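Keep in mind it's a predicted model, so treat the numbers as computed, not measured. Labels below follow one simple rule: chain letters A, B, ... track the order of the sequence lines, proteins then strands, and each chain is numbered from 1. Side chains included, hydrogens not; waters and symmetry mates left out as well; all remaining heavy atoms used.
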Amino acid sequence: MTVRTRFAPSPTGFLHIGGARTALYCWLEARRRGGQFALRIEDTDRERSTEAAVKAILDAMHWLGLAADEGPVYQTQRLERYKQVADELLKAGKAYYAYESKDEIEAMREAALAKGEKPRYNGYYRERNEPCRDDPNRVIRFKNPQEGSVVFEDKVKGRVEWANAELDDLVIFRSDGWPTYNFAVVVDDIDMGITEVIRGDDHVNNTPRQINIYHALGAKVPEFAHLPMILDQEGKKLSKRTNSVSVMEYREAGFLPHALLNYLVRLGWSHGDQEIFSREEMIRLFDIADVNKAASRFDTEKLAWLNQHYLKTDDPQSLAPEFEWHLTRAGIDYRQGPAPADVIVALRDRVQTFKEMVEKARVWYAPIAEWDDKAVAKHLQNDGAVAVLNEARALLAECAWQPEPIHQVIEQIAAKLELGMGKIAQPLRVAMTGTQVSPSIDHTIYLVGRGEALKRIDDALVRAKG
RNA sequence: GCUCCCAUCGUCUAGUGGCCUAGGACACCGCCCUCUCAAGGCGGGAACACGAGUUCGAACCUCGUUGGGAGCGCCA
């Protein structure tokens, strides 16, 4: 049987970092084993699901490059099917109608808690065989076995055993006429032929209930793998308030999709000492069975390091489109300036994200906005600087406009004036950028462009005298 | 309260009874390189939560303690 995995988010918000890792693992597991990866939108919660969230999730998946082989399948379009399956269960005496109000259920729970027991449904309607009747409180409950236990071999957790006595008769159809999660997942996973259910840790407790439903339906139970949580830097649960959790926020912060994927794949999984994984390597080496059991913390510093690694090693041309997206977003028209790929080469050793790169790139796309007074005083206002600027003015007007010839011009000036490189580079740097910090001076000049460079030298000469 | 899960440097992890005076990576510190800032190179500090067992021998096996987490919905 071919392997089929699925990622099944509920569209109540953006795709967050934990969901992205789950999606990645599902995708990798399917890819490695030559199977398929499906996407399903679990939107049966009519109150909280939104179309905007569906779009946000799809966009994020696309940006990450996690393409689904099937779907998205929407649960809201499968209502008839859920009804049909629930009817089967009803007819077979494996489910029943119940009519308690929500307040009654709540009271039941409090009473159990007060007695030191687990809050559960008391099974009042379990054996009553009440017919279907119009009632705002009508729900369908699953007749969970009361004896024995459910055992399954979780691919990451190992053997899990659950006493049926711990489980109660869960609602499978709500009074609003929609199925509940635990029921819809099982029906969908059966219908979609899912063989490997890979999902967050928070679902382990649901698994025994779901297995009982599989049994009641006479269906084959899939394999399960429950992934540990991702915590924030302090070891707390990731929260929207204090951490950025949305995948697209990481895009906005200037991270590369591949860097994020590489970071995520190593969070809870490893292959010896290897840190860097191409997509192909991830697919080849990843195995869901090697995933750790313990929760892990999200470390932005390491993500940043990986991001810079890819900034430094990827082909600048292939990086350019994402950089252009950031430039545009920052209000910079990159067509009125140096080629983005050239800017990437000049700045990638100096920044960890595209967001920082955009800020440092501004000097080449707009006139100098402000001058650092200290820099001007220190590097421009002396005779040596004026001589350097004058020499540079003359030679740069003539030389071939590439970093290498520009570099030669600078060495020529150094030789002629008998000055060290520092005495040449700093005045020029201040002239080009208004500050004393920039990439290597030859690249900095090159990216400014000849016309603008000469103009900036003229401006600097004025300030040098001022 | 009940059920279940987890536990190696600050962080991510390697490690599956002797190869461990515990390895790698991020971060941190120092030195080198150097036109600034970086990047890079070299080096350094830094961990098996605790306590009992089992064993000739435990980071690895067992039990307990402590600490963390998840779930107990007509949310997913």
Margin query: Please determine whether the number of non-hydrogen atoms from other residues, nucleotides or ligands lying under 6.0 Å from atom CD of E161(A) exceeds 12.
Written below: yes
Can you check the distance between [N] and [M], where both ends of the measurement are the [atom1] atom (answer in whole Å)?
| N | M | atom1 | result |
| --- | --- | --- | --- |
| G71(B) | U13(B) | C1' | 28 Å |
| C19(B) | C63(B) | P | 25 Å |
| G30(B) | A70(B) | C1' | 44 Å |
| C20(B) | G57(B) | C1' | 13 Å |

For residues 303-312 of chain A, the side chain to side chain donor-acceptor pair (under 3.5 Å) pairs (sequence neighbours left out) are N262(A)-Y310(A)
Need one value for V171(A): base, sugar-phosphate or nothing, where a base atom within 4.0 Å counts as base even if backbone is also close, heavy atoms only.
sugar-phosphate
- Describe the nucleic acid contact of K157(A) in one word from base, sugar-phosphate, nothing, applying a heavy-atom distance below 4.0 Å. sugar-phosphate
When you compare the protein's N or O atoms with those of nucleotides 10-12 of chain B, which come within less than 3.5 Å of each other, and at what distance?
unit_1: C12(B); atom_1: OP1; unit_2: R297(A); atom_2: N; d: 3.0
unit_1: C12(B); atom_1: O2'; unit_2: R266(A); atom_2: O; d: 3.1
unit_1: C12(B); atom_1: O2; unit_2: K302(A); atom_2: NZ; d: 3.4

Is R120(A) salt-bridged to E117(A), going by a charged N under 4.0 Å from an acidic O? no
Would you say the side chains of Y82(A) and D188(A) form a donor-acceptor pair under 3.5 Å?
-> yes
Separation of A76(B) atom C1' from D202(A) atom CG, nearest Å, is 9 Å
Practice problem: Indicate, with yes or no, if the rings of Y97(A) and Y125(A) have centres closer together than 6.0 Å. | Solution: no
